[in-house]
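Quick note: residue numbers are just sequence positions, from 1.
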Amino acid sequence: MSDSGMPLRSSLLFLFLIFATSGATDHIVGDNHGWNPGINYTLWANNHTFYVGDLISFRYQRNTYNVYQVNETDYLNCTTFGAVGNWSSGKDFIELTKAKRYYFICPNLCYGGMKVSVLVHSLPPPPSASASANHNSGGEAVFRRWSEVWKVVFLPLVTYVVWIWFGSGGI
Ligand SMILES: *[C@@H]1O[C@H](CO)[C@@H](O)[C@H](O)[C@H]1NC(C)=O
Ligand SMILES: *[C@@H]1O[C@H](CO)[C@@H](O)[C@H](O)[C@H]1NC(C)=O
Ligand SMILES: *[C@@H]1O[C@H](CO)[C@@H](O)[C@H](O)[C@H]1NC(C)=O
Ligand SMILES: *[C@@H]1O[C@H](CO)[C@@H](O)[C@H](O)[C@H]1NC(C)=O
Ligand SMILES: *[C@@H]1O[C@H](CO)[C@@H](O)[C@H](O)[C@H]1NC(C)=O
């Protein structure tokens, strides 16, 4: 009786972890160039796929630059009249909570082209279902899905083994 509960509990924990760890990505603006003048952030954005729940992060010299989330008119004009948020820590993590287009600029003039717009998509299907169904999407998308598979399979397995080892009472 006491043993028969184990496999069920283990399976439930395992399933829970699969969902809990299906990963959000942190998109570092400009990759290793960060948030600086003279970088074409349209090219950077085109090279990434953004999903709801992902983070976008800005890394820059604090006190020199900052980040405003603005609306489309502001983005085009490099103004902040319609600002909805601003950050200035030098290492800002912003969660992309909605499936829509986001606009960020460095005020007041988008100095040296410091503006970026990203289109956030609703969540992709689970990796196991999509890994084979998306062969004709971009290389990054395929890579992303495989790294999700890795996270989804590897992390829960380790946790599962540790849990069994220490939690089974059979040490
Ligand atoms: C950035 O690159 C895109 C795509 O090649 C181009 O259309 C755009 O004009 C460039 N922007 C700047 C500011 O150079
Ligand atoms: C796009 O991504 C590829 C692979 O990560 C990278 O080699 C390339 O430099 C990136 N291009 C831009 C414009 O960020
Ligand atoms: C720039 O802002 C002005 C108002 O100051 C507005 O009339 C105009 O439409 C804006 N330009 C763009 C491209 O959005
Ligand atoms: C952006 O915000 C400004 C100021 O509130 C407003 O005048 C403008 O119409 C807004 N633009 C868009 C596209 O919502
Ligand atoms: C910047 O954000 C703070 C809150 O985080 C807000 O109080 C302030 O008004 C914002 N500044 C501008 C210019 O929008």
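Partners of R101 by side chain to side chain donor-acceptor pair (under 3.5 Å), not counting sequence neighbours, listed by chain and number: S117. For L55, the side chain to side chain contact (heavy atoms under 4.5 Å, CB included) partners two or more places apart in sequence, or in a different chain, are D26, F93, E95. By the side chain to side chain donor-acceptor pair (under 3.5 Å) test, D74 pairs with T79, sequence neighbours left out. With sequence neighbours left out, H33 forms a side chain to side chain contact (heavy atoms under 4.5 Å, CB included) with I39.
The disulfide (SG to SG under 2.5 Å) analysis of residues 33-77, with sequence neighbours excluded, yields no pairs. For residues 38-105, the set of pairs meeting the disulfide (SG to SG under 2.5 Å) definition, not counting sequence neighbours, comprises C78-C110.
Counted within 6.0 Å of NZ on K100, heavy atoms from surrounding residues, nucleotides or ligands total more than 12; the atom is thus considered enclosed.
Between V29 and W44 the shortest heavy-atom distance is CA-CZ2, 3.5 Å.
Using bins of under 30°, 30° to 60° and over 60° for the plane-to-plane angle, the ring pair F50/H27 lands in the tilted bin.
The cationic group of K115 lies under 6.0 Å from the six-membered ring centre of Y75 and within 45° of the ring axis, placing it in a cation-pi geometry.
Checked against the 6.0 Å centroid threshold, F104 and W35 do not count as a close aromatic pair. Between Y60 and Y65, the distance separating the two ring centers is not shorter than 6.0 angstrom.
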